[in-house]
Participant: 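Got a structure here, written out as structure tokens. Questions coming.
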Amino acid sequence: MKPALSLFTTILLTFTCLAQEAPQTQERSKFSISAGAGFGFRTAKVSSSLEGQVYKDEKSMLSGISFFIAPRYQLNNSYSIGVTYRQFSTSKSSNYIPFKLDANQKRNIYYIGPSLHYHDIQDYAELNMFMSMGYIGYFGEIEIEIDNEVYRTTKRTGANLGLEIGIEYLWRIAPNFYAGASLGYTLGTLSEIKQKTESETQTIKLGGDEREGLQFLNLSPLIRLYL
């Protein structure tokens, strides 16, 4: 976590210095598009029903890469509407030496939904707060290999209603180009998971404490282009 915060602080200082040199602009387009990539940290607890190496694997996959893209249209000086797409991805390989097994695992959480923005735009900077409600989906995969041959592949998928909130601060680098940093939180849970292993598919109902938490915190630099 400390390296991520150090990088984030460095980016903020760099953008501050660049913004001081930026020329002023008289009018911006009402349509803009933002994009960014950075760090994602899942905040949902790992199920206590998992044990041994499986539990350790899940704990080690709580951090990964988060990226997003978000077009928006400015309604007035304070509000905008848009669409947000965000994805969290992580993967790892495990080696179970006593059993001569290799396991390759992937986890993806993706979110898309309409968004409402409240912003304060000044000469050199822009503060933006947003919230969104939409679709959140989950994909998990594990491939178990023996002697470099795939032995068994299990895929787990699910979807539900999700929510995203966040705050952004940007500096103007050029008349229609801004850069800055974004901090957001994406929320959602799964009460049902479809699991497919080879030709066998089953639906698993999750209730109470068994529900799969998809919440993750995302921290990233971002750019915004006014078109």
Participant: When you compare the side chains of Y85 and Q87, does any donor N or O come within less than 3.5 Å of an acceptor on the partner?
Facilitator: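 Yes, side-chain donor-acceptor contact under 3.5 Å.
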Participant: For E192, give me all partners under side chain to side chain contact (heavy atoms under 4.5 Å, CB included), at least two apart in sequence or on another chain.
Facilitator: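 By the side chain to side chain contact (heavy atoms under 4.5 Å, CB included) rule, E192 matches T203, K205.
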Participant: Taking side chain as C-beta onward, heavy atoms only, is W171 less than 4.5 Å from Y178?
Facilitator: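 Sidechains of Y178 and W171: no contact.
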Participant: For E212, enumerate each residue passing the salt bridge (charged side-chain N to carboxylate O under 4.0 Å, His left out) test, keeping only those at least two apart in sequence or located in another chain.
Facilitator: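 Testing E212 for salt bridge (charged side-chain N to carboxylate O under 4.0 Å, His left out), a comparison that skips the adjacent residues, returns R42.
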Participant: Mind listing the side-chain donor-acceptor pairs of residues 31-40 below 3.5 Å, one per line with the distance, residues two or more places apart or on another chain?
Facilitator:
from: S32; atom 1: OG; to: R72; atom 2: NE; distance (Å): 3.4
from: S34; atom 1: OG; to: R224; atom 2: NE; distance (Å): 2.7
from: S34; atom 1: OG; to: R224; atom 2: NH2; distance (Å): 3.1

Participant: How would you list all residue pairs meeting ring pair (Phe, Tyr, Trp, His ring centres under 6.0 Å) that involve residues 192-216, not counting sequence neighbours?
Facilitator: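 Checked against ring pair (Phe, Tyr, Trp, His ring centres under 6.0 Å) - neighbours excluded - the pairs reaching residues 192-216 are F88-F216.
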Participant: How far apart are the closest heavy atoms of T84 and A70, and which atoms are they?
Facilitator: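 Looks like OG1-CB, 4.0 Å.
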Participant: Which atoms form the tightest heavy-atom contact between H119 and N76, and what is the distance?
Facilitator: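 Scanning both residues, the minimum pair turns out to be CE1-O, 3.6 Å.
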Participant: What residues, two or more places apart in sequence or in another chain, satisfy side chain to side chain contact (heavy atoms under 4.5 Å, CB included) together with Y135?
Facilitator: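 Partners of Y135 by the side chain to side chain contact (heavy atoms under 4.5 Å, CB included) criterion, ordered by chain and then number, come out as Y110, I112, A159.
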Participant: Take L214 and T189, measure what side chain to side chain contact (heavy atoms under 4.5 Å, CB included) needs, and give me the verdict at the end.
Facilitator: CA-CA 5 Å; L214 304 181; T189 59; 5.9 Å; no
Participant: Is the NZ or CZ atom of R86 both under 6.0 Å from the centre of the six-membered ring of F68 and within 45° of that ring's axis?
Facilitator: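 Cation-pi check for R86 and F68: passes.
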Participant: Decide yes or no on side chain to side chain contact (heavy atoms under 4.5 Å, CB included) for L127 and I167, but give the supporting numbers first.
Facilitator: CA-CA 8 Å; L127 173 66; I167 185 168; 3.9 Å; yes
Participant: Set out, in order, the CA-CA distance, both residues' side-chain angles and the distance that settles side chain to side chain contact (heavy atoms under 4.5 Å, CB included) for L217 and L183, then state yes or no.
Facilitator: CA-CA 8 Å; L217 186 71; L183 177 64; 4.0 Å; yes
Participant: With sequence neighbours excluded, what pairs up with N160 under the side chain to side chain donor-acceptor pair (under 3.5 Å) test?
Facilitator: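 In terms of side chain to side chain donor-acceptor pair (under 3.5 Å), with neighbours along the sequence ignored, N160 is linked to no residue.
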Participant: Assess the side chains of E164 and T186: does a donor N or O sit below 3.5 Å from an acceptor N or O?
Facilitator: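 Side-chain D/A pair, E164 to T186: present.
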Participant: Report the C-alpha distance between Q105 and E58 in whole Å, list the side-chain angles of each, state the deciding distance to 0.1 Å, and finish with yes or no for side chain to side chain contact (heavy atoms under 4.5 Å, CB included).
Facilitator: CA-CA 10 Å; Q105 303 189 56; E58 290 298 325; 4.2 Å; yes
